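These numbers come from the heavy atoms of this one structure, side chains and all, not from hydrogens, waters or symmetry mates. Predicted, not measured: the structure shown is a model, and the values here were computed from it. Below, chain A is the first sequence line, B the second, and so on; all start at residue 1.
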There are 2 protein chains.
Amino acid sequence: MGAKTSKTRSMLLDAAEELMRENGYAAVTSRKLAAKAGLKPQLVHYYFRTMDDLFVALFQRVGEFLLRRQEQVLQSEHPLRAIWELSNNPTGVVLSYEFVALANHRKAIRSEIAEFGERFRKNQAKILRTAMERSGIDTKAWPPSAVAAILELVARGLGLEDALEISGGHRELRKLVDRLIEELGG
Amino acid sequence: MGAKTSKTRSMLLDAAEELMRENGYAAVTSRKLAAKAGLKPQLVHYYFRTMDDLFVALFQRVGEFLLRRQEQVLQSEHPLRAIWELSNNPTGVVLSYEFVALANHRKAIRSEIAEFGERFRKNQAKILRTAMERSGIDTKAWPPSAVAAILELVARGLGLEDALEISGGHRELRKLVDRLIEELGG
DNA sequence: GTCTATACTTCGATAGAC
DNA sequence: GTCTATCGAAGTATAGAC
């Protein structure tokens, strides 16, 4: 079993991330992966016992990256807008839905995603509560955890529809969100 | 190439739908499909030239079903609640995200989904506009197409998170949605 | 019109060489 | 610690029998 610090290992994760984004999780096979990284297929199994292990390792890497980005949001001048843009980013959205599809039938991935999702949501709610109290919004009528969920789900959903080339209502929706963020954060 | 009316053909589609729901799109292979339906793998290719053709046929079947359900919503006593429940339904949500993942890298599926998505969104917006005007909501400040998008994205996102066993903010969110639907539709 | 025998490609994973 | 030779199972698809 290869070392976690190995350069080769992180090259494999890079290739896996790219393949997954471009061609979906089903395209992440030991052979295609190795071809992309210029390595032999068997090496994949040296660094990751099973393909599931590889997916879990990749998800953890992505998850840690997102949590670091989220901490930067806390220090941002416009936290609400930063939250929105973090979840709306199109390349991130496509990758995240690949993991979701994987999670639908692989328990190891599902529990990773669930754990990350709860943590991420909790942080968002905390950031939101501060911003809302500062703006004098009634946090009883609009619980920050619920608003955080709406904000994230809409941002991600919109990004996904962009990737799928669905655009109905998007112009109006973006304008509406802009206005609401302005009201909440201004 | 087999007849579209064939009993065997629709059995294959049934099995494909079930497999996709339970084990994800990658589990829909000619062999597994045939095993589930008690048939020979080669039969899959008799009724559907390629696996992509099968996915497209299945999506069209599901899409037509949903559009029929949507028409019933029009005649419902509580259209807003009916819209919400149509998109929030957990078994439907899981299947729909499998198709989304497929669409990320198969053009034939993507254009099917895009076409369906636009049609569905447009219908929702029409239902919503009627309901909102009846309740005296300002449809300039709240464009029905944007509200339709929010409603659908949140409903589907919430259903998805339920399937993934993420629950942060859900209780508060459902309560909030209940209240808003009440205000809009009461 | 319906189904099967068969080809041949690609898969994950292990056992063992360096 | 790093990488390779190799295996058996599973994948799609076609050519041809009934």
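- No more than 12 heavy-atom neighbours from other residues, nucleotides or ligands sit within 6.0 angstrom of CD on E115(A).
- In this structure, Q42(A) atom CD and dA13(C) atom P are separated by 13 Å, rounded to whole Å.
- Atom-to-atom, OH of Y46(B) to C1' of dA5(C) comes out at 17 Å; the value is rounded to the nearest Å.
- F48(A) comes within 4.0 angstrom of nothing in the nucleic acid, heavy atoms only.
- The distance from atom CG of D53(A) to atom C1' of dG12(C) is 12 Å, rounded to the nearest whole Å.
- Using the six-membered ring where Trp is involved, H105(B) and Y25(B) have ring planes that are tilted, between 30° and 60° apart.
- Contact annotation for T50(A): backbone-only contact, meaning every heavy-atom pair under 4.0 Å involves sugar-phosphate atoms and none involves a base.
- Under a 3.5 Å cut-off, the side chain of R21(A) and the backbone N or O of T91(A) do form a donor-acceptor pair.
- For the pair R61(B) and D14(B), the salt-bridge criterion is met [side-chain N within less than 4.0 Å of a carboxylate O].
- Using a 4.0 Å heavy-atom cutoff across all strands shown, T8(B) reaches sugar-phosphate atoms only and no base atom.
- Following rounding to the nearest Å, H45(A) (NE2) and dC11(C) (C1') show an atom-to-atom distance of 8 Å.
- Considering only side-chain N and O atoms, S30(A) lies nowhere under 4.0 angstrom from the phosphate OP1 or OP2 of dC11(C).
- A distance-only check finds a donor-acceptor pair linking the side chain of T29(A) to the backbone of K32(A) [under 3.5 Å].
- Chain B approaches DNA chain D within less than 4.0 angstrom (heavy atoms of the protein), and the contacting nucleotides run 5' to 3' from dA10(D) to dT14(D).
- In this structure, OH of Y47(B) is placed 10 Å from P of dT4(C), rounded to the nearest angstrom.
- Salt bridge annotation for R81(A)-E182(A): present, with a cationic side-chain nitrogen under 4.0 angstrom from a carboxylate oxygen.
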